[in-house]
Undergrad: 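Starting off with a structure, shown below.
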Number of protein chains: 2
Amino acid sequence: MCAMNDTSRLKSETFKVACSSCNLRELCLPVGLARPDLDRLDALVATRRTVSRGDTLFRAGDEFQSLYAVRTGFFKTCVSSEDGRDQVTGFQMAGELLGLDGISNDRHSCDAVALEDSQVCVIPYSQLEDLSREFTDLQHQFHKIMSREIVRDHGVMLLLGSMRAEERLAAFLMNLTQRLQARGFSASSLILRMTREEIGSYLGLKLETVSRTFSKFQDEGLLEVKQRHIRILDQAGLQQLINGSTGC
Amino acid sequence: MCAMNDTSRLKSETFKVACSSCNLRELCLPVGLARPDLDRLDALVATRRTVSRGDTLFRAGDEFQSLYAVRTGFFKTCVSSEDGRDQVTGFQMAGELLGLDGISNDRHSCDAVALEDSQVCVIPYSQLEDLSREFTDLQHQFHKIMSREIVRDHGVMLLLGSMRAEERLAAFLMNLTQRLQARGFSASSLILRMTREEIGSYLGLKLETVSRTFSKFQDEGLLEVKQRHIRILDQAGLQQLINGSTGC
DNA sequence: CGTGTTGTTGAAAACAGTCAAATTCGGTGG
DNA sequence: CCACCGAATTTGACTGTTTTCAACAACACG
């Protein structure tokens, strides 16, 4: 129902939210680009797309044509195996790129699902390739973003491969708050956009374990947990959980 | 001691093993490139480097300058956290690329260690960027390789997040044999280049669990295990382990 | 103001981890 | 050539964490 209303809003924003004047430009694809590059990028990123909560931006198997930069809202990406196992591979917020997995095959290999009503900038991939042959800085920036995704994934492997439930949840919360803080939100208070099950899938835990661990953190005075409203009471304590337990 | 001897061998091979005539070209960076692109790539990949078993090709924190294509031998990559946790993030064999993590920061974020005496082709990154602005196919191929790495990482997350010990080891073995087979080796018999501990780190398990699981597979007639010599007796059985257990 | 979804909690079971000891293997030096 | 050494592997017994199953509570939505 808001898709209709949004059409006009979208149109009016098309000018306003060009990359060059987007308040996400320091977090998104345009990082570090100079004026001429930026102007060309503005031309490239002409269309936007609204995705309602619960809808998919793309699905595994869909033909790959574009990358998407989250403008507003919140996404998860999940892979699944033939036998029905599935795994949340990441949560994406404003300024983060979706769809890099699709380049390998010309097909997406994961689902991207909006966890709240969201808006993305559509970046036609073949045009991005064209443009990045012309502008060295854009090329370099794009490569950095892909590489950063690889490094991020390695961090998740470290988490999944070597941390216990409490450490995983603590690391997850610290990561979320850091990213929210970089976007101007509070460092100590947040609203989770995902269910316990989705957190569990991401962290390689069952939802009950996630719930129990939240409760434990609350009992220990690290957090205040009211369903999806989280207040961080002892950031240092959480950090210590991540670092401390192995090394004594 | 063999570094000295290798110098002459290296020199004599410099001509012979140009990408255009390399028997790995169907697995490596040159996949799908036409003649002119290939000739330029030959010029780019001029130097090689020998890495003895146990030595590092690069370490986390090292300045990033080049990518490396494995020519012969076998590597592992590991990340480690400040507090001393570490995690093997992958094993690389002939034709596979090392160092993509370094692009994000101009520093490597993991260690690459040779698990046997190895040789890599050195691909100076800034030159690769230059060349891939000129040759669309090379640019595209490079992007595909990075994207493929992201997809691979998502697969590892699925493994770490949703599989039990037996399933992980079965998946690991199937993956190894597939890759070995693509390189002309037997599909049913292999020699592991890594220790139980390294397998365990990759799979998020302790070395004892890896060892026990090997023994269990042997008892069940799936494998013949003699230290690092593995013979696969029941490929279908392994495959079933990966697919079957959840879905009944 | 119900109804279905999401979240919490408890008890028991399954799984992997820990600690410890024994064994095998590859390589080195006598 | 053989004996020995250290590293890697195997195996056993036990412990601890996480999962499973189940019931219940809280919340969001229509």
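In the text below, chain A, chain B and the rest are named by the order of the sequence lines, each starting its count at 1. Since the structure is predicted, the reported quantities are computational estimates derived from the model, not experimental observations.
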Undergrad: Side-chain donor or acceptor of A:R164 under 3.5 Å from a matching atom on the base of D:dG16?
TA: no
Undergrad: For the backbone of A:H108 and the side chain of A:D101, can you confirm whether one donor and one acceptor N or O come within less than 3.5 Å of each other?
TA: no
Undergrad: Using a cut-off of strictly less than 4.0 Å between a heavy atom of the residue and any atom of DNA chain D, enumerate the qualifying residues of residues 203-211 of chain A by number.
TA: A:G204, A:L205, A:K206, A:E208, A:T209
Undergrad: Without decimals, in angstroms, what is the distance between A:K226 NZ and C:dT8 C1'?
TA: 16 Å
Undergrad: Heavy-atom nearest nucleotide on DNA chain D for B:T195 versus A:M163: which residue maps closer to 5'?
TA: B:T195
Undergrad: Sequence neighbours left out, what passes side chain to side chain contact (heavy atoms under 4.5 Å, CB included) with A:R183? Give chain and number order.
TA: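 Applying side chain to side chain contact (heavy atoms under 4.5 Å, CB included) to A:R183 gives A:L27, A:M93, A:A94, A:E96, A:R179, A:F185.
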Undergrad: Could you state the atom-to-atom distance from CG of B:L160 to P of C:dC15 in whole Å?
TA: 19 Å
Undergrad: Using a 4.0 Å cut-off on protein heavy atoms (strictly under), produce a 5'-to-3' string for nucleotides 22-28 of chain C with B for base contact, S for backbone-only sugar-phosphate contact, and - for none.
TA: ---S---
Undergrad: Answer with yes or no whether B:R228 presents, from its side chain, a donor or acceptor under 3.5 Å of a partner atom in the base of D:dT10.
TA: no
Undergrad: With no hydrogens and no angle check, do the side chains of B:S118 and B:T72 hold a donor and an acceptor under 3.5 Å apart?
TA: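 There is no such pair (donor and acceptor under 3.5 Å, judged by atom type) between the side chains of B:S118 and B:T72.
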Undergrad: Just how large is the angle between the end axes of the helix from C:dC1-D:dG30 to C:dG30-D:dC1, five pairs per end, to 10 degrees?
TA: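 Comparing the first five pairs with the last five, the axes sit 40° apart.
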Undergrad: Can you list every ring-ring contact (aromatic ring centres under 6.0 Å, His included) pair that touches residues 206-230 of chain B, not counting sequence neighbours?
TA: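 Passing the test, one end in residues 206-230 of chain B: no pairs.
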Undergrad: By the definition side-chain contact (heavy atoms from CB on, under 4.5 Å), identify the one residue from B:V88, B:T213, B:V156, B:L169 that meets it with B:L203.
TA: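 Single pass found, and it is B:L169.
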Undergrad: In whole angstroms, how far is the C1' atom of D:dA7 from the CD atom of B:E197?
TA: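 Between C1' of D:dA7 and CD of B:E197: 11 Å.
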Undergrad: Hey, would you say the B:Y202 and B:F91 ring centroids sit under 6.0 Å apart?
TA: yes
Undergrad: Specify the separation, in whole Å, of atom CZ of A:F217 and atom C1' of C:dT9.
TA: 17 Å
Undergrad: For the pair A:E116 and A:R193, find out whether any cationic side-chain nitrogen is under 4.0 Å from an anionic carboxylate oxygen.
TA: yes
Undergrad: Between D:dT18 and A:R212, is there an OP1 or OP2 to side-chain N/O distance shorter than 4.0 Å?
TA: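 It does not, given that no N or O in the side chain of A:R212 lies less than 4.0 Å from OP1 or OP2 of D:dT18.
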Undergrad: For A:D55, does its backbone N or O pair with a side-chain atom of A:S52 as donor and acceptor, under 3.5 Å?
TA: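 It does not hold such a pair.
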Undergrad: Could you list the residues that satisfy salt bridge (charged side-chain N to carboxylate O under 4.0 Å, His left out) with A:E208, not counting sequence neighbours?
TA: none
